[in-house]
Every structure is written in structure tokens, then in C-alpha cells.
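Residues: numbered from 1 along the sequence shown. In this text the structure is predicted, and so the values were computed from the model without any measurement.
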Amino acid sequence: MIKDRSFYRALLALALPVALKAMVSRGVFFLDNLMVGSLGDTTLSAVALANQTTSLFSFVVMGIGGGASVLVSQYWGKRDIARIKSVFSIVFLLTTTLAVAVTLFVALFPGRAMGIFSDQADIIAAGIPYISVVCYSYLLFALSETFTTMLRCVELVQVTLWSSLVALGISLSLNYVLILGNFGFPALGAYGAAISTVIARTVELGIVAVYFFGFQSRIRMRARDFMRTTKQMLLNYARHGLPIVAGDLQWGLVLSVKAAIIGRIGAQMVAAYNITDAIIGMGGVFAAGLGSAACVLVGKAVGQGNHKKARQISNTLQILFACSGALMCAVLFTLRVPLVSLYSEISPETAALAVQFLGIASITYMGTFYHATCFTGINRGAGDGRFVFKVDMVCGWLIVIPSSLLAAHVFRWPLWAVFLCLYIDQCFKWVIAFLRLRSNRWIRDVTVRDAGISA
């Protein structure tokens, strides 16, 4: 392990703000669930399935940013700001175009968007008012994520935390007022939750944009920089960034197919799965923070040509990932009953099912924490995104989806067994991650010298 204290200070300086930002974002989702859960299983299920569209969109946007992260982190190691700006313009154009297209589809055809994940008329009807409004947050999220990804890759992360904290306060306040109808406001239910999400995203983007354009000086962007790139840089992004985009997209599709499988079982299964996912997601924020920090630190070392340091960072981080995963596993398993009891208005059957699901998920969580942070942090930062894409594709489409579909709709196994099939890949992917990082094939310098780019 690395013994230099400055490394750990740099790791914490990057990881903690990202982890806290993710915690705030998941906290909003978790508290939304609690408030919407007071409206009953059907409404909770409707909002959960409506958010599958949001989740799939978010996966693609974060994938586009993740594809840029490997390039920007390594260019940051070379202090090549001109090429960082070129990568930024690619990400900006991709995310905004995607956001506009998805928003138009969902706004014009909300029933079809809901129908992808469920065939139950009551759940679709309950979800349409929510998804018809929340879709207007997609462009706001895409822009905010683009700015924060670029800032994170050049080791500027504080503003993302503060913007999320403000968004959390606004979201909680408006949810309390609009969902439940307090302080004289009408009780709008799920519709109110969607309105609060859009307003919170607007404020969050405003804070990030003001900081990006008005205060930070590492990436000074002018209007023409948003449209300036070259064929060579586009090809470089396509070669090394698109596998990461494709990986996040296909994994988002896997999650959507899983949601569709669950959505056709019934409202109780959907509600219990959604509760479990919300609680587990709170633990995943630390993996997100460590993974983001690992991507920047490893990518920076590779960009500097210091492969020995990159391996030392990898060895140190793997130990930290394994220990953190074991701790998170113990916490989730111990607190599974008290956490589910916070959902006071759900049926006893749904609560019991959620406790079962949490028990299974917490046991697999140590492996999940380890491999997820290795793949999204170390491997991606070192330019090994294609390998991660292949692993996720095989595990998702050849193992998880077939086994889950057979368990749910052919063999009709008990619901806890169906849930286990949904998570079955988490039991062995950590072995693949460990063996890959023990090899000599995961470090690649993905930067290029492009004469068409200047500062």
C-alpha cells in the first residue's frame, strides 16, 4: 500500500465531496420514497416505474461523462487544457441532444413510456401525472452532470456538494408542502413530487453554472469552445469513450428489463424492490465517491506516464474497497428491519418482502462494492473501459436477464429467489475484477496529440 499521507489526503479530497453529493442525491430519492410511500403501494410502484425512464436516461448521461472522464483525467495528468476543452464540447453536444430527444418523447407519449415497464393499467395511470412533469428535469440534469464531470476530472469537486445540499433542502421543503399538502397548499401527491424535482434541479444547475463560468479558472470556456473539436478527437472519444457509454447504456437497459420483469409480477414486488433499491443506493454513494476519485488519480498517473504509481494506487485502492464493502455489508444487514420500518404506510407483506430482499442484497454487497469501484474507477481511469463493457454485457444479458425471466415467469419461483437471480452476478464479478487487476493488460494511455487543437 502507498504510505504517503498526501495520497490519502488527495483521495479524501476527491472522494468525500463526490460521495456526499451522491448521498444527498440518493437521500432525496429515499425521502421521496418515504413521502410517496405514505400514499400506498400502487402510487409508490407507479413512481418507481416512472423513474426507470429517468434512471435509464441518467445512466446514458453519466456514461457519456464517464467516457470523457478517462480522457480528461489523462489529459489532466499532462495539463493539456486545450484537449480537455475539446472533450468537453463533445460531451456537451451529446448530452444536450439526448436530453431534448428523451424529454420530447416522454412529454408527448407518457403512457407509452410507462407501458415499457408495466402492463398494469392502475400503475400506468398513477404514474402518468408524475412522469409528464419530471421529464422536464432531464435537460437540467444533463447540463449539471456535464459541468460537474468536467470539474471533477480536474480535481474541483466542492461546488458539486454544495449545489446538491441546496437542492436537497429545496426538494425536501417542496415535497413536504406539495406531496402531503401542508401550509395550506393542496395535496398533489406524486404530481407534487415531480414539481419539486424540477425546481430543485433548476437551482442545482444554476449554482454549478455560476461557479463553472464565474469562479473556477482551470477550464476557462468561451462560447466558441462549446462547438470546437476535431475529427481526431472525435475518433479518440469514439475509441475509448464510447465503450464506456455503451457499457452504462447496456447496464441501464439491463436495469430497465429487470424493472419490466418485476413490473409484471405485481405492485407488492415492485414496491419491495424499490424500497430495497433506495436503501442499498444510500450505501452505494461511498462506492461512487471512491470510484470517481480512483478514476481521476489512476488516470492522472497514467497520463503522466507513471505506470508504477498507477499500479501502487490500484493495489492500495483495492484493499480500501474490500474493507469498505465488508463494513457496508454488516451495516445494511444489521439495520435492514429498522430501515424498512420507516415505510410505515406500506402493507405488512410488502415490508416483510423488503426485509428479505435487503438481507440477500447486503450479503452480496461486499463483492458489489469491490468490483463496482474497481471497474468504474481503476479500470476506466487506466483506459480499460472495453474490458468492463464486455464483462457487464455478458453478465447482464447472458446470466442476469435469462435467469430472472425464467425464475419469475416460467418456473414462478418464490419472490426472494427471483430477487436473488436479479443480483446473481454480484456474487462472482469481484473475482473477475481481482484477476484483471492482477494481470498486465489494464493500463493504456488513451491520449493523442492532435495538431488541430490549440488553447
Side-chain angles (χ1 to χ4, degrees), residues 21-22 24-26 28-29 32 47 50-69 85 87-114 116 127-152 159-160 162-164 166-168 170-171 174-175 178 190-214 219 221 223 225-229 237 241 245 248-249 252-253 255-256:
K21 176 189 182 301
V24 169
S25 299
R26 294 299 303 194
V28 171
F29 176 62
D32 276 357
V47 171
N51 278 330
Q52 289 301 318
T53 300
T54 305
S55 296
L56 179 58
F57 169 76
S58 300
F59 264 99
V60 180
V61 170
M62 289 187 290
I64 294 171
S69 294
K85 290 182 180 181
V87 176
F88 177 92
S89 70
I90 296 172
V91 175
F92 175 79
L93 292 172
L94 288 175
T95 55
T96 52
T97 302
L98 174 68
V100 171
V102 175
T103 300
L104 286 175
F105 171 75
V106 175
L108 294 174
F109 309 105
R112 291 186 181 180
M114 286 292 300
I116 295 172
I128 286 176
Y130 176 83
I131 200 172
S132 298
V133 174
V134 83
C135 67
Y136 293 106
S137 70
Y138 294 167
L139 179 59
L140 303 171
F141 170 78
L143 292 172
S144 179
E145 185 67 19
T146 298
F147 291 139
T148 56
T149 297
M150 293 299 107
L151 292 172
R152 183 173 65 246
V159 68
T160 62
W162 293 113
S163 63
S164 295
V166 173
L168 171 63
I170 292 173
S171 181
L174 292 178
N175 277 345
L178 298 178
Y191 185 74
I195 294 174
S196 70
T197 297
V198 173
I199 294 174
R201 288 293 189 195
T202 302
V203 174
E204 182 179 31
L205 172 60
I207 294 172
V208 173
V210 168
Y211 177 80
F212 187 89
F213 293 106
I219 315 175
M221 297 290 295
D225 292 328
F226 283 83
M227 301 293 179
R228 188 178 71 164
T229 189
Y237 183 84
V245 179
D248 281 7
L249 172 60
L253 289 172
L255 293 179
S256 297

Donor-acceptor under 3.5 Å (S171 side chain, A167 main chain): no
Side-chain donor/acceptor of T96 to backbone N/O of L93, under 3.5 Å: yes
Working for ring pair (Phe, Tyr, Trp, His ring centres under 6.0 Å), residues F213 and F147: CA-CA 10 Å; F213 293 106; F147 291 139; 5.5 Å; yes
Side-chain heavy-atom pair I170, I199 within 4.5 angstrom cut-off: yes
Flag, side chain of S196 to backbone of A193, donor-acceptor distance under 3.5 Å: yes
Pairwise distance OG1(T97) to CG(L139) - rounded to 0.5 angstrom: 10.0 Å
Test side-chain contact (heavy atoms from CB on, under 4.5 Å) applied to L98 and V61, step by step: CA-CA 8 Å; L98 174 68; V61 170; 4.2 Å; yes
Minimal non-hydrogen separation, A194 against V134, with atom names: CB-N, 3.8 Å
Under 3.5 Å: donor-acceptor pair, side chain of T148, backbone of E145: yes
Nearest heavy atoms of S144 and L205, plus distance in Å: N-CD1, 3.6 Å
Nearest-0.5 Å distance, CE of residue M150 to CZ of residue R152: 8.5 Å
Under the ring-ring contact (aromatic ring centres under 6.0 Å, His included) test, residues paired with Y191 that sit two or more places apart: none
Residue pair T95 / T146, side-chain donor-acceptor N/O under 3.5 Å: yes
Full working for side-chain contact (heavy atoms from CB on, under 4.5 Å) between K85 and I219: CA-CA 7 Å; K85 290 182 180 181; I219 315 175; 4.2 Å; yes
is_close_aromatic(F88, F212), centroid dist under 6.0 Å: yes
Distance (rounded to the nearest 0.5 Å) between I64 CD1 and L94 CG: 5.0 Å
Nearest heavy-atom neighbours spanning V106 and C135: CG1-CB, 3.6 Å
For F92, all residues meeting ring-ring contact (aromatic ring centres under 6.0 Å, His included), sequence neighbours excluded: F226
Closest non-hydrogen atom pair, G65 against T149: O-CG2, 3.5 Å
Spacing of CD belonging to E204 relative to CZ belonging to F141, to within rounding of 0.5 Å: 8.5 Å
Gap separating the CZ atom of F109 from the OG atom of S132, nearest 0.5 angstrom: 12.0 Å
Polar contact flag, side-chain donor to acceptor under 3.5 angstrom, Y138-T54: yes
Partners passing ring-ring contact (aromatic ring centres under 6.0 Å, His included) against Y237 (at least two apart in sequence or in another chain): none
For the student: nearest non-hydrogen atoms of V198 and T202, plus distance: O-OG1, 2.8 Å
Atom pair CH2/OH of W162 and Y211 - distance to nearest 0.5 Å: 13.0 Å
Heavy-atom pair with the smallest gap, counting every atom of G63 and V245: O-CG2, 3.3 Å
